[in-house]
Protein chains: 2
Amino acid sequence: MSNAYNRPDQLSPELRKRVLDTARRLGYPGPDPVARSLRTRKAGAVGLLLTENLSYAFRDPAAVGFLEGLALACEDAGHGLLLIPANPEHEDVAAVHSAGVDGFVVYSVPDDDPHLAAVMERPVPAVICDQPNLSEVDRVGIDDGAAIKGLARHLIELGHRKIGVICMRLARTRNDGPASSERQVNAHFHVQRARLAALSEAFAEVGVDWEQVPVIERFDHTPESGGSAAAQLMELDPEITAVMCTSDILALGALSEVRRQGRRVPQDLTITGFDGIDDAERVGLTTVRQPVMEKGRAAGRLLLDAGESTGKPREVVLDTQLVPGSTAGAPRSVEERWFGP
Amino acid sequence: MSNAYNRPDQLSPELRKRVLDTARRLGYPGPDPVARSLRTRKAGAVGLLLTENLSYAFRDPAAVGFLEGLALACEDAGHGLLLIPANPEHEDVAAVHSAGVDGFVVYSVPDDDPHLAAVMERPVPAVICDQPNLSEVDRVGIDDGAAIKGLARHLIELGHRKIGVICMRLARTRNDGPASSERQVNAHFHVQRARLAALSEAFAEVGVDWEQVPVIERFDHTPESGGSAAAQLMELDPEITAVMCTSDILALGALSEVRRQGRRVPQDLTITGFDGIDDAERVGLTTVRQPVMEKGRAAGRLLLDAGESTGKPREVVLDTQLVPGSTAGAPRSVEERWFGP
DNA sequence: CTGAAAGCGCTAACAT
DNA sequence: ATGTTAGCGCTTTCAG
């Protein structure tokens with residue numbers, strides 16, 4: 001009878017039909033997928049672990065793009081996509097343990113995330129996206145350092161030397177305010193760490209002392225965070241001529257706060273983002289575009305690809321693109337700003 | 001040993017630790033979730049069936065809002081959310097059969113969808129969202145008829161009598177063009193059927209013969225579809241003073257096409273949408289807002305709620321809201337349009 | 001083509 | 001407090 005469902009070719013169509021009809025009449029609901037999974041050792045699904053609440057993921061355009069790509073790859077392979085409820089506040093790892101999946105995609109979690117540890121203990125393959133940068137696991141990402149260096153050099157060419165930075169959370173502990181160099185270097189989010197390090201390098205090349213550059217951290221990744229961080233930055237150091245944000249969401253918030261305070265962009269202040277989300281392009285934000293959808297797709301492909309047998313972990317590094325918008329321009333000196341050109 | 005993992009309270013912490021340590025040292029990866037599911041008869045996950053390709057869902061803001069709400073509800077209950085790869089083009093129902101879930105949420109599928117039939121055969125609860133309107137299943141939706149009637153009366157009060165309609169697909173077969181009354185009445189998508197029926201009623205009340213109202217159908221739910229449908233509508237009947245669309249996505253496309261042709265909105269033509277997505281509010285589209293996120297949340301709650309035992313199906317009907325924007329105004333007569341006011 | 005049986009890894013009930 | 005066992009429903013293998 002198992003054959004009737006699973007191997008239509010092994011018996012006559014007529015018999016098959018008879019068996020299936022009878023089964024249905026007897027109220028048999030079809031093979032139990034869980035029992036089948038146990039036996040065949042495959043679940044037909046990919047698990048996705050995110051650092052944020054599930055619902056947040058749907059509010060971040062970059063995350064949605066990633067999901068779109070990942071869903072595409074899963075769909076192509078006939079696999080489902082299981083979103084795992086991993087509340088970053090809790091250390092409850094049960095959801096990872098009880099996910100019936102053939103593998104995991106881990107999207108942008110801190111390197112000390114207990115859920116990540118739980119994933120790594122499961123005897124199924126995993127692909128890590130963006131961060132952390134574990135050497136033993138397949139990985140998809142971009143060259144964060146090179147990408148943001150391009151942006152930094154763009155500003156340097158325009159003449160900026162006094163900048164401020166707004167970044168996303170650097171650790172699982174909340175810190176809304178200035179981030180010390182130590183905190184920057186020890187950041188548990190590889191992406192943020194790499195971007196800050198690259199910025200410090202790029203500006204060191206033109207003689208800027210990174211210790212003097214204010215870096216404001218925000219735990220929540222929202223436009224409101226970007227706005228308040230921009231305000232804090234301007235108050236902390238009124239002489240900065242540019243604000244570099246490590247995401248478009250933060251930059252868009254900063255942009256509206258700066259304008260709300262009556263300062264013109266880019267004449268009075270330059271603002272840059274990172275990601276290249278639709279809204280950023282719409283308002284002409286100067287930023288770096290990264291292929292978020294492709295990232296999801298690549299992660300899914302890597303996980304589901306048959307050629308998974310090779311010993312050493314594979315790595316996919318996707319290209320990024322500088323998007324010169326209308327929010328970056330040459331700085332005016334302090335004198336000019338107060339007394340006119 | 002099972003106890004060590006599942007019932008920490010049943011044995012001494014010390015022993016528990018010893019057992020777990022030994023297990024790990026022996027390379028035991030923890031209890032297999034699939035075997036556990038088989039035994040306990042629960043998967044800890046909710047399946048979501050969509051009418052579109054998975055990846056499409058992430059491009060439609062209304063669907064993303066729904067997902068956000070559903071994910072929220074699942075998260076609250078500690079359940080995962082499994083996105084089921086149900087390609088609407090294929091009749092391949094295997095993905096539904098092999099989904100290890102405790103229940104299904106079905107989002108906006110046609111009433112003759114084979115995947116839906118497969119879901120109904122599974123011996124787990126289901127909640128249907130928006131459509132179809134099956135009497136035996138729990139349901140979450142809005143009063144589509146009442147909602148769009150409010151919009152229709154708004155236009156009628158403004159003086160519109162000659163309108164055109166752009167609607168989404170009415171069946172699983174592609175028909176990009178006029179939809180006959182018969183096709184409208186027999187539509188397999190309950191939501192579209194209800195909205196068209198309500199429009200016909202509302203306009204019948206002021207003496208408009210629905211047979212004379214052009215209804216243009218589009219299979220793909222994109223702004224481009226809305227644009228080309230608007231063009232077709234204007235060519236088909238240049239005298240119409242208003243275009244009512246059954247979604248904001250279509251309306252936004254129509255809006256830009258109409259403007260591209262040099263006609264002013266609403267002076268030359270009134271345009272309305274449906275859903276209340278962010279982009280619609282941003283451009284001031286006259287539309288109806290429905291609480292998409294709440295819809296997802298309600299669907300999840302209904303499915304996961306313990307009080308599932310009652311005999312008759314439960315129904316949640318959410319409120320909608322007329323959003324008078326700047327794309328609806330009084331019509332100008334044909335004479336005015338050609339010879340000025 | 002059909003039937004019987006082993007066993008996937010777990011949990012819950014029962015026995016010690 | 002710990003050890004033993006039946007069986008969840010399926011697929012696969014082997015014998016008829």
Side-chain angles (χ1 to χ4, degrees), chain A residues 1-45 47 78-80 82 84 92-104 118-119 121-125, chain B residues 1-45 47 78-80 82 93-104 118-119 121-125:
Chain A
M1 139 130 175
S2 175
N3 282 339
Y5 281 93
N6 303 320
R7 256 103 53 89
D9 47 311
Q10 296 288 310
L11 35 67
S12 66
E14 169 203 348
L15 172 63
R16 176 178 147 86
K17 184 169 166 12
R18 198 158 51 82
V19 171
L20 261 46
D21 280 358
T22 314
R24 172 160 317 178
R25 195 156 32 71
L26 262 43
Y28 176 70
D32 179 317
V34 177
R36 170 187 283 163
S37 282
L38 176 60
R39 184 63 234 248
T40 60
R41 313 266 61 196
K42 48 191 55 178
H79 275 62
L82 179 67
I84 294 167
D92 182 12
V93 159
V96 173
H97 284 143
S98 63
V101 297
D102 299 318
F104 287 91
V119 165
E121 280 180 1
R122 291 274 310 256
V124 293
Chain B
M1 139 128 174
S2 173
N3 282 340
Y5 281 94
N6 304 318
R7 257 113 41 96
D9 46 314
Q10 296 288 308
L11 34 69
S12 62
E14 168 204 347
L15 172 65
R16 176 179 148 85
K17 183 166 166 17
R18 198 158 50 82
V19 171
L20 260 47
D21 280 358
T22 315
R24 171 157 320 176
R25 195 154 33 70
L26 263 42
Y28 175 70
D32 180 318
V34 177
R36 169 188 284 165
S37 281
L38 175 60
R39 183 62 232 249
T40 60
R41 313 268 58 201
K42 48 191 57 179
H79 276 62
L82 179 67
V93 159
V96 173
H97 284 143
S98 63
V101 297
D102 299 317
F104 287 92
V119 165
E121 280 180 1
R122 290 274 309 258
V124 293

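Keep in mind that what you see is a predicted model, and the values were worked out from it rather than measured. FYI, side chains are in, hydrogens and waters are out, and symmetry mates aren't considered; it's all heavy atoms of this structure. In the text below, chain A, chain B and the rest are named by the order of the sequence lines, each starting its count at 1.
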Qualifying ring pair (Phe, Tyr, Trp, His ring centres under 6.0 Å) pairs with a residue from residues 4-30 of chain A, counting only residues at least two apart or across chains: A:Tyr5-A:Tyr28
NZ/NE/NH1/NH2 to OD/OE distance under 4.0 Å, A:Lys17 and A:Asp21: yes
For B:Ala43 against B:Gly100, the heavy-atom pair lying closest together: CB-O, 3.2 Å
Residue A:Arg36, side-chain heavy atoms: nucleotide from D:dG9, C:dG9, D:dT11 that is nearest: D:dT11
Heavy-atom pair with the smallest gap, counting every atom of B:Ser37 and B:Lys42: OG-O, 3.1 Å
Bending between helix ends of the helix from C:dC1-D:dG16 to C:dT16-D:dA1 [5 pairs per end, 10° resolution]: 40°
Gap between atoms NE2 and P, on A:His97 and C:dC10 respectively (whole Å): 12 Å
B:Leu38 CG to D:dT11 P, straight-line distance once rounded to whole Å: 12 Å
From C:dT11, C:dC10, D:dG9, nucleotide with atom closest to B:Arg41 side chain: D:dG9
Side chain of B:Arg39 - closest among D:dC10, D:dC8, D:dT11: D:dC8
Closest approach of B:Val96 to B:Arg122 (non-hydrogen atoms, all atoms of both residues): O-NH1, 2.7 Å
Non-hydrogen atoms of A:Ile84 and A:Gly47 that approach each other most closely: CD1-CA, 4.0 Å
Working for side chain to side chain contact (heavy atoms under 4.5 Å, CB included), residues B:Val34 and A:Val34: CA-CA 6 Å; B:Val34 177; A:Val34 177; 4.2 Å; yes
Contact residues, residues 19-31 of chain A to DNA chain D [heavy atom, < 4.0 Å]: A:Tyr28, A:Gly30, A:Pro31
Distance in angstrom units between B:Asp32 CG and D:dC8 C1', rounded: 13 Å
Heavy-atom closest contact (B:Ala118 atom, B:Val93 atom, distance): CB-CG1, 3.0 Å
